[in-house]
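Here is the structure we will look at.
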Amino acid sequence: MQWIIAMVLKLFKAALFTPVFLLIIAISSDVPAQPQLHCAGLVAAQTQDYVSLALETEERAALRLFYQRRAQSSQAEDCAWNDEQMLNLRSVLSRAADQGLNPDRYHPSALDGPASARRDVDATALALRYAHDLVAGWIDEAWLSDDIDIPRPTIDLPDQLAHALGDNKIAEWFASLQPASPQYAALLKALARYRALASARQLSPIQEQPITPESRSDPRVLPLKARLRAEGYSVTADSSPRWDAATTEALRAFQRSHGLPSDGRLTRKTIDALNVPIKDRIAQIEANLERRRYLGHVLPSSGIEVNVPAAVATLYKDGKPVLAMRAIVGDPRHPTPMLISAGVTSVIVNPPWVIPASILRREILPKEEAHPGYLARNNMNWAGDQLVQSPGPKNALGRIKFEFPNAFSVYLHDTPARSLFANYDRADSHGCVRLERPMDLMLAVLNGDGNWSRQRIEEMIGRGATVRIKVANGPPVVMAYWTVFLDENGELAFRDDIYGRDARLIAAMHPPRVEEPIAEAPDNENCCEGASG
């Protein structure tokens, strides 16, 4: 009986003093007594490195917004990711290179390890980063050159991520964010193909000495056939050094896809295009994928698009080309800008040309000094302190000019120098874009107004008077820079990086390469053409 009483007293004392003991332990311990922070608390409590990633200011703001919304909702647990979703995210980020993105930017290994608030926050930060890069591009090209004016998309990515997690459709959400155009899909396939080509074999360079069909047989034909075959062109499957008809046709197809004269001869420009290293082609494709993401969510489905490296202008309606023509674009000293305009506001028939001061000083006045009477012969007259070329057959703007709002004062127009459209290299203007078929484009732009016909416009041109025609709801104008794209036949095409935009973008996408200097600002008066048209 006594032992029972002793046991009861011992238990009573233990119960009485246990809280005091625990309090003493808590006070003396190095571990705080407060409960462990959840995700929103982790983000809110630390303003600096609250994740193991270097985040930009905008990324931190998006991350805070995501967890603030979760904390304000009725959810008891503010951490967002379950194990399955974490695995799905890691899988997507591990394949970022398939999109032409630098995988070092997305740190999928940060998602390894046991579940924790820090891992959850890392996952959200990386998901938002990857989503942003798919929607708007990683690199804002306006940082690299100041002749770029592309609007930025406004998409609530934290809200979309919350819904994707709630619906358990992370992979599907990411797939929906990448540009949906056939051009982007074709570039993804081309990237995979050229990477496989780079890992499969080493291609011998083509010698610079010219080879022609008349050579009949030459050992240098073998590397030519190998390169054409590797690039996907049909050539005779043998080891003969003989130049045959299949080689000529394959070479012509290669030339067409690279914007070269398709004469089937190994000219110097053709040899240079053939000898571009595969790794450089891969980098070029990656740059164009990034540019497609940069424009993908703001590119209008209907409008006039000028592909500057290809020197081609195309009118699109609902994503389909309805009118295409050759163009003449800015030379490397006077680059045509990258822009998206709200739309054509007016078309001017028989436009005068107010000659910019820079062109007047550098080109026109020296010609007048060297050849007195040059101004009079080209119908140029002073109006105050401005020199104006009157409308007429010699006017540098031709007979038709298209105006649209933009920050660079550029426009589309006709030209009297029609022979220039036959040139392979059509980067030959002061920044504005000359059109091969301006009349056809004018009729297409005005097609909602039944008052205009080709005959009426030609009669108006013949009278010589300047007429400004206002355009309601004119098509947007896009001046883009695609050096890899699908051509009108659905074939992959390459063009030269005439302004170095690709080079700067590639350097920015692949640090720690030394970046090229930022391009100097083009002359603000680069919009108009030289007196010779």
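Only a predicted model underlies this, so the values are computations on that prediction, with no experimental measurement involved.
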Show your reasoning for whether side chain to side chain contact (heavy atoms under 4.5 Å, CB included) applies to W382 and L375. CA-CA 10 Å; W382 291 98; L375 298 184; 4.1 Å; yes
Expected output: side-chain K394 to main-chain R377 donor-acceptor under 3.5 Å: yes
Donor-acceptor contact present, side-chain R399 to main-chain P416, <3.5 Å: no
Can any side-chain N or O of N102 pair as donor or acceptor with the backbone N or O of H510 at less than 3.5 Å? no
Holding to side chain to side chain contact (heavy atoms under 4.5 Å, CB included), I want the full list of residues that pass it with E58, two or more places apart in sequence or in another chain. E56
Stepwise, does the side chain to side chain donor-acceptor pair (under 3.5 Å) test hold for D140 with Y294? CA-CA 7 Å; D140 186 343; Y294 185 61; 2.6 Å; yes
Rounded to the nearest 0.5 Å, how far does OG of S390 lie from CE of M380? 9.5 Å
The reported gap from CG in L365 to CD in E363 (rounded to nearest 0.5 angstrom) is 10.5 Å
What distance separates W143 CH2 from L505 CG, expressed to the nearest 0.5 Å? 11.5 Å
Interatomic distance, CD@Q386 vs CG@L360, rounded to 0.5 Å, equals 10.0 Å
Side-chain ion pair, E141 and R291, N-O less than 4.0 Å: yes
Answer whether the closest heavy-atom distance between the side chains of V433 and M479 falls below 4.5 Å. yes
For the residue pair V445 and L441, establish whether any side-chain heavy-atom pair is separated by less than 4.5 Å. yes
Across all chains, not counting sequence neighbours, the salt bridge (charged side-chain N to carboxylate O under 4.0 Å, His left out) partners of D133 are R105
Does some side-chain heavy atom of D263 sit less than 4.5 Å from a side-chain heavy atom of R252? no
Is a side-chain donor-acceptor pair under 3.5 Å present for Y499 with S145? no
Heavy-atom closest pair, residues N350 and T466: O-OG1, 2.6 Å
A383 to V388 - nearest heavy-atom pair and separation: CB-CG2, 4.2 Å
For residues Y194 and D280, determine if any side-chain heavy atom of one lies less than 4.5 Å from a side-chain heavy atom of the other. no
Nearest 0.5 angstrom please: L260 CG to R265 CZ, how far? 15.0 Å
Any donor and acceptor pair, going by atom type alone, linking the side chain of N406 with main-chain N or O of I340 inside 3.5 Å? no
Check: N275 side chain, P205 main-chain N or O, donor-acceptor pair, under 3.5 Å: no
Between S346 and K470 (side chain of the first, backbone of the second, donor and acceptor by atom type, cut-off under 3.5 Å), is there such a pair? no
For residues H413 and W353, determine if any side-chain heavy atom of one lies less than 4.5 Å from a side-chain heavy atom of the other. no
Heavy-atom check, side chain of Y481 versus side chain of I148, under 4.5 Å: no
Name every donor-acceptor pair, under 3.5 Å, that has one atom in a side chain of residues 483-494 and the other anywhere in the protein, sequence neighbours excluded.
| from | atom 1 | to | atom 2 | distance (Å) |
| --- | --- | --- | --- | --- |
| T483 | OG1 | Q284 | NE2 | 3.3 |
| T483 | OG1 | N288 | ND2 | 2.7 |
| T483 | OG1 | D502 | OD2 | 2.5 |
| D487 | OD1 | N489 | N | 2.9 |
| D487 | OD1 | G490 | N | 3.1 |
| D487 | OD1 | E491 | N | 2.8 |

Show me the donor-acceptor pairs, under 3.5 Å and distance only, between side chains in residues 304-325 and residues at least two apart or in other chains.
| from | atom 1 | to | atom 2 | distance (Å) |
| --- | --- | --- | --- | --- |
| E305 | OE2 | W482 | NE1 | 3.0 |
| N307 | OD1 | W482 | N | 3.1 |
| N307 | ND2 | W482 | O | 3.3 |

By side chain to side chain contact (heavy atoms under 4.5 Å, CB included) - contacts of E459 (at least two apart): Q455, R463
At what distance, to the nearest 0.5 angstrom, does CG of N395 lie from CG of N379? 8.5 Å
Pair L157, W173 - check side chain to side chain contact (heavy atoms under 4.5 Å, CB included), show working. CA-CA 11 Å; L157 292 176; W173 177 56; 4.1 Å; yes
Without swapping roles, check the side chain of R426 against the backbone of N423 for a donor-acceptor pair under 3.5 Å. yes
Before giving the answer on side chain to side chain contact (heavy atoms under 4.5 Å, CB included), spell out for V471 and T345 the whole-Å C-alpha distance, their side-chain angles and the decisive distance to 0.1 Å. CA-CA 5 Å; V471 180; T345 55; 5.9 Å; no
Test item: D496 side-chain N/O and I498 main-chain N/O as donor-acceptor pair under 3.5 Å: no
Are any side-chain N or O atoms of D149 and backbone N or O atoms of M338, one a donor and one an acceptor, separated by less than 3.5 Å? no
Does any part of the side chain of T415, heavy atoms only, come nearer than 4.5 Å to the side chain of F421, both counted from C-beta? yes
Can you check whether Y130 and Y106 have ring centres sitting under 6.0 Å from each other? yes
Which heavy atom of D98 sits nearest to which heavy atom of L191, and what is that distance? O-CD2, 3.7 Å
In terms of heavy-atom contacts, N378 and Q389 come closest through O-NE2, 3.0 Å
Kindly indicate whether the side chain of L274, heavy atoms from C-beta on, has any atom under 4.5 Å from the side chain of L228. yes
Start with the C-alpha distance between R456 and N451, add both sets of side-chain angles, then the distance that settles side chain to side chain contact (heavy atoms under 4.5 Å, CB included), and finish with yes or no. CA-CA 9 Å; R456 183 183 176 189; N451 294 323; 3.6 Å; yes
Over 12 non-hydrogen atoms of neighbours within 6.0 angstrom of CZ in R268: no
Quick check against the 3.5 Å criterion: does E436 have a side-chain atom that pairs as donor or acceptor with the backbone of R326? yes
Salt-bridge present (K401, E403; N to O < 4.0 Å): yes
May I have all residue pairs that pass side-chain hydrogen bond (donor to acceptor under 3.5 Å, both in side chains) and include part of residues 175-193, sequence neighbours excluded? Q99-Q178, Q99-Y184, Y184-R293
Start with the C-alpha distance between K269 and D425, add both sets of side-chain angles, then the distance that settles salt bridge (Lys or Arg N to Asp or Glu O under 4.0 Å), and finish with yes or no. CA-CA 11 Å; K269 288 184 177 294; D425 181 1; over 6 Å; no
I need the minimum non-hydrogen distance between S429 and G431, along with the two atoms involved. OG-N, 3.1 Å
Quick one: closest heavy-atom pair of Q160 and L177, and the distance? OE1-CD2, 3.6 Å
